[in-house]
**Student:** 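Mind having a look at this structure? Questions to follow.
Every chain is numbered from 1, with letters handed out A, B, ... down the list of sequences.
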Protein chains: 2
Amino acid sequence: MVGMTDTAQQKLRAQPRLTRQDGSPIRIVVVDDEQSLADLVAMGLKYEGWDVKTAANGQQALQAVREFRPDAVVLDIMLPDIDGLTVLQRLRSAGFDVPVLFLTAKDSLDDRVAGLTAGGDDYVTKPFGLEEVVARLRGLIRRTATAAEESSVLWVGDLMMDEDSYEVRRGGKQIDLTATEFELLRYLMRNPRRVLSKAQILDRVWSYDFGGRASVVELYISYLRKKIDTLGPPMIHTVRGVGYQLRAAE
Amino acid sequence: MVGMTDTAQQKLRAQPRLTRQDGSPIRIVVVDDEQSLADLVAMGLKYEGWDVKTAANGQQALQAVREFRPDAVVLDIMLPDIDGLTVLQRLRSAGFDVPVLFLTAKDSLDDRVAGLTAGGDDYVTKPFGLEEVVARLRGLIRRTATAAEESSVLWVGDLMMDEDSYEVRRGGKQIDLTATEFELLRYLMRNPRRVLSKAQILDRVWSYDFGGRASVVELYISYLRKKIDTLGPPMIHTVRGVGYQLRAAE
DNA sequence: ATAGCCTATGCGCATCCTGTGCGTCTCCTT
DNA sequence: AAGGAGACGCACAGGATGCGCATAGGCTAT
């Protein structure tokens, strides 16, 4: 990837890649006792070009942070040994300011977790979609000094998305999106001009435990079209037998 | 191949060959319990100039990866001993980040396959065409750090193909292709100036279980001509009794 | 009660392939 | 050298398939 010609990169990746201040890759520690889930998240983050270490319990987590000095931590609340919130506490008292993204089951959504965002941390409820985890992590990292600055605003042609305020506009006109529509559009806007298969979209935007068919993607694409493509020349294009593509109208 | 002069190589292969960072050939492990299919794929990949090892079950697969350190793995889901997805999991737990291309029957495309592309892995449904397998593998490898840089854009004369955005242009003018037309043109563009027989094309572009006649190739060549050769001097040439050739107009 | 997420169903049409027929090149025969 | 038969390549038309889309409706969480 290092020496890849700018032109080829640029064309597909209009958005700059998030890196540390010195340009080296973002580092993340993923903590979950369920091996397969930790691996899933880890692979998803590596796909972003980030460096990832995994840990299976609180002890390993603390050690991993000490050694690896990550830019953020993905931390399951339920751990076999030390409670996730206690891990956070110990990290803080040891002087680590690294932001933490918690993973928590929806029903056990503790009141204590709700107060996390005040401290600069954040949480995501299981089951989650990978895009959401990545987006939350980018948000956390962006708000700290560890990363090269990056705006929270995405642009594709005259289409704008502010990931922080959840605002979407096309040519100044505001667009109301549901949560799922927003996630889908974000994925498309992060990969402009690139043809994304329904399987890819399903895997990235929908939760890992979603058993349904790929036809939901068609449905939500049609929703987006009604809200976006009606405001100007079409931007969402079907590549029959392959997938969908978002690009600026010529 | 060994003693072949560089010039002869160059003439036939205008596109840079995908290699590892040190210039040595890409290494692949192919896992399928059906011997003939594993051999078919292996031969196809060797033809790309890659190093290939085959394995017939999960145990052998794990061992082969340990010893051979491939840049990617082609892995059948249905294996006699260990399930393909379990093989993936074991590889990940053992710390192998090697990307995996799964082979799966279309009807048994079960939910477990979901989540694969999120981690950077991918899959192809049986029956498949060799070109598709090779293209997917190149995509997987290109996205990892193990390979020397390669762009997703092919050029032959004023004809351009972007494999990521599925964009095809001749002299700036956009060309719409169907999936099969695209596959065929990709094969031609990867082998410019080289005369490809109908049998070769059939073997590479169409599925291995395709029973039809070679006349489909003629048909699709005629489609491509209508879309490409009408935009300038002809680039697709018939070598009667031998095959077809794509080359830049002088 | 409402908004949002998803499933189910049916339809239209792009795409893929087969079949047929015709023109032309090749090569064999005389 | 001329003629002819067969092979080869190409054009065109028609039919089957399945992909993508629209619509309706049920379920759930707020």
Side-chain angles (χ1 to χ4, degrees), chain A residues 105-107 109 114 125-129 131-132 166 168 175-185 195-202 205-230 234 236-246, chain B residues 106-107 109 111 114 125 127-129 131-132 166 168 175-185 195-202 205-207 209-230 234 236-246:
Chain A
K106 192 179 288 177
D107 45 4
L109 216 177
T125 58
K126 293 184 184 179
F128 47 79
E131 267 306 294
E132 196 183 351
Y166 282 80
V168 177
I175 301 172
D176 274 345
L177 297 180
T178 69
T180 308
E181 289 164 3
F182 184 86
E183 289 292 319
L184 172 56
L185 180 61
V195 177
L196 302 165
S197 73
K198 283 176 227 180
Q200 266 179 309
I201 296 174
L202 209 56
V205 176
W206 270 260
S207 319
Y208 51 82
D209 73 338
F210 179 74
R213 315 253 107 249
S215 58
V216 252
V217 178
E218 298 170 13
L219 186 63
Y220 275 85
I221 287 284
S222 85
Y223 290 159
L224 280 185
R225 278 184 168 142
K226 274 182 196 135
K227 294 185 175 181
I228 291 171
D229 282 353
T230 52
I236 303 174
H237 302 272
T238 303
V239 181
R240 193 172 230 269
V242 186
Y244 297 98
Q245 176 197 47
L246 178 78
Chain B
K106 190 181 284 175
D107 46 3
L109 214 177
D111 305 336
T125 57
F128 47 78
E131 265 306 291
E132 197 184 350
Y166 279 79
V168 177
I175 301 172
D176 274 345
L177 298 180
T178 70
T180 308
E181 289 164 2
F182 186 88
E183 288 287 313
L184 172 56
L185 180 60
V195 179
L196 302 165
S197 74
K198 284 175 224 178
Q200 265 179 311
I201 295 174
L202 213 54
V205 177
W206 271 261
S207 316
D209 74 337
F210 179 71
R213 317 255 107 247
S215 58
V216 256
V217 178
E218 299 170 9
L219 184 63
Y220 274 85
I221 287 283
S222 85
Y223 289 158
L224 281 185
R225 278 184 168 141
K226 274 183 198 136
K227 294 185 176 181
I228 291 171
D229 282 353
T230 52
I236 303 174
H237 303 274
T238 303
V239 181
R240 198 184 167 84
V242 187
Y244 297 98
Q245 177 198 43
L246 178 77

**Student:** Using only modelled atom types and a 3.5 angstrom limit, is any donor from either the side chain of Tyr220(A) or the base of dC21(D) paired with an acceptor on the other?
**Tutor:**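 Result: no qualifying N/O pair found.
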**Student:** Counting distance only, does the side-chain N/O of Lys198(A) pair as donor-acceptor with the main-chain N or O of Ser215(A) below 3.5 Å?
**Tutor:**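 Flag not set: sc Lys198(A) to bb Ser215(A) has no pair under 3.5 Å.
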**Student:** Taking C-beta and beyond as the side chain, do Tyr223(A) and Thr180(A) meet within less than 4.5 Å on heavy atoms?
**Tutor:**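 Side chain of Tyr223(A) against side chain of Thr180(A), heavy atoms only: no contact under 4.5 Å found.
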**Student:** To the nearest Å, how far apart are Tyr223(A) OH and dA3(C) P?
**Tutor:**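 The distance from OH of Tyr223(A) to P of dA3(C) comes to 14 Å, rounded to the nearest Å.
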**Student:** Output the rounded distance in Å from NZ (Lys227(B)) to P (dT15(C)).
**Tutor:**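 Taking NZ of Lys227(B) and P of dT15(C), I get 7 Å after rounding.
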**Student:** Output the rounded distance in Å from CG (Leu184(B)) to C1' (dC17(C)).
**Tutor:**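 From Leu184(B) CG to dC17(C) C1': 15 Å.
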**Student:** If only side-chain N and O atoms of Ser222(B) are considered, is one of them under 4.0 Å from the OP1 or OP2 phosphate oxygen of dC10(D)?
**Tutor:**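 For dC10(D), OP1/OP2 do not have a side-chain N/O of Ser222(B) under 4.0 Å.
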**Student:** CD1 of Ile221(A) versus C1' of dA22(D): gap in Å, rounded?
**Tutor:**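 Going from Ile221(A) (CD1) to dA22(D) (C1'), I get 15 Å.
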**Student:** Which whole-number value in Å describes the distance from Asp176(A) CG to dT2(C) P?
**Tutor:**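 For the pair Asp176(A) CG and dT2(C) P, the rounded distance is 18 Å.
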**Student:** Does Thr178(A) put a side-chain nitrogen or oxygen below 4.0 Å from OP1 or OP2 of dG4(C)?
**Tutor:**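 Checking Thr178(A) against dG4(C): no side-chain N or O falls below 4.0 Å of OP1 or OP2.
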**Student:** To the nearest 0.5 Å, how far apart are CD1 in Ile221(A) and NE2 in His237(A)?
**Tutor:**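 Between atom CD1 of Ile221(A) and atom NE2 of His237(A) there are 11.5 Å.
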**Student:** So which protein nitrogen or oxygen atoms get under 3.5 Å of nucleotides 16-20 of chain D's nitrogens or oxygens?
**Tutor:**
residue	atom	partner	partner atom	Å
dC19(D)	O2	Arg240(A)	NH2	2.9
dG20(D)	OP1	Gly241(A)	N	2.5
dG20(D)	OP2	Lys198(A)	NZ	2.6

**Student:** Need the bend value for the helix from dA1(C)-dT30(D) to dT30(C)-dA1(D): angle between end axes, 5 pairs each end, nearest 10°.
**Tutor:**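 The end axes of the helix from dA1(C)-dT30(D) to dT30(C)-dA1(D) are about 20° apart, to the nearest 10°.
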**Student:** What nucleotide, of dC16(C), dC6(C), dT18(C), holds the atom closest to the side chain of Val216(A)?
**Tutor:**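 Selected nucleotide (nearest to the side chain): dC6(C).
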**Student:** When you measure from the side-chain N and O atoms of Trp206(B) to the phosphate of dC16(C), is any distance below 4.0 Å, counting only OP1 and OP2?
**Tutor:**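 The answer is no; no side-chain N or O of Trp206(B) sits under 4.0 Å from OP1 or OP2.
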**Student:** Find the distance Lys226(A):NZ to dT23(D):C1' and express it as a whole number of Å.
**Tutor:**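 Between C1' of dT23(D) and NZ of Lys226(A): 8 Å.
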**Student:** If you define the side chain from C-beta out and look only at heavy atoms, does anything of Arg225(B) sit under 4.5 Å from Thr238(B)?
**Tutor:**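 Yes, close enough: below the 4.5 Å cut-off.
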**Student:** Are OP1 or OP2 of dT7(C) and a side-chain N or O of Ser215(A) less than 4.0 angstrom apart?
**Tutor:**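 No, Ser215(A) has no side-chain N/O under 4.0 Å of OP1/OP2 on dT7(C).
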**Student:** A side-chain contact here means heavy atoms from C-beta on lying under 4.5 Å apart; do Phe182(B) and Val242(A) qualify?
**Tutor:**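 No; the side chains remain at least 4.5 Å from each other.
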**Student:** Please report the interatomic distance CG(Leu177(A)) to CD1(Ile228(A)), rounded to the nearest 0.5 Å.
**Tutor:**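 One finds 6.0 Å between CG of Leu177(A) and CD1 of Ile228(A).
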**Student:** Roughly how far, to the nearest 0.5 Å, is the CD atom of Glu218(A) from the OH atom of Tyr244(A)?
**Tutor:**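 Rounded to the nearest 0.5 Å, the OH-CD separation comes to 4.5 Å.
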**Student:** Can you tell me how far the CD1 atom of Ile236(A) sits from the NZ atom of Lys226(A), to the nearest 0.5 Å?
**Tutor:**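 The NZ atom of Lys226(A) is 12.0 Å from CD1 of Ile236(A), to the nearest 0.5 Å.
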**Student:** Whole-Å distance between dG9(D) C1' and Asp229(B) CG?
**Tutor:**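 The distance from CG of Asp229(B) to C1' of dG9(D) comes to 15 Å, rounded to the nearest Å.
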**Student:** Starting from C1' on dC5(C), measure out to CD on Glu181(A) and report it in whole angstrom.
**Tutor:**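 Value for this atom pair: 10 Å.
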**Student:** Could you walk me through whether Lys126(A) and Tyr208(A) satisfy the side-chain contact (heavy atoms from CB on, under 4.5 Å) test, starting with their C-alpha distance in whole Å, then the side-chain angles of each, then the deciding distance to 0.1 Å, before giving a yes or no?
**Tutor:** CA-CA 9 Å; Lys126(A) 293 184 184 179; Tyr208(A) 51 82; 3.7 Å; yes
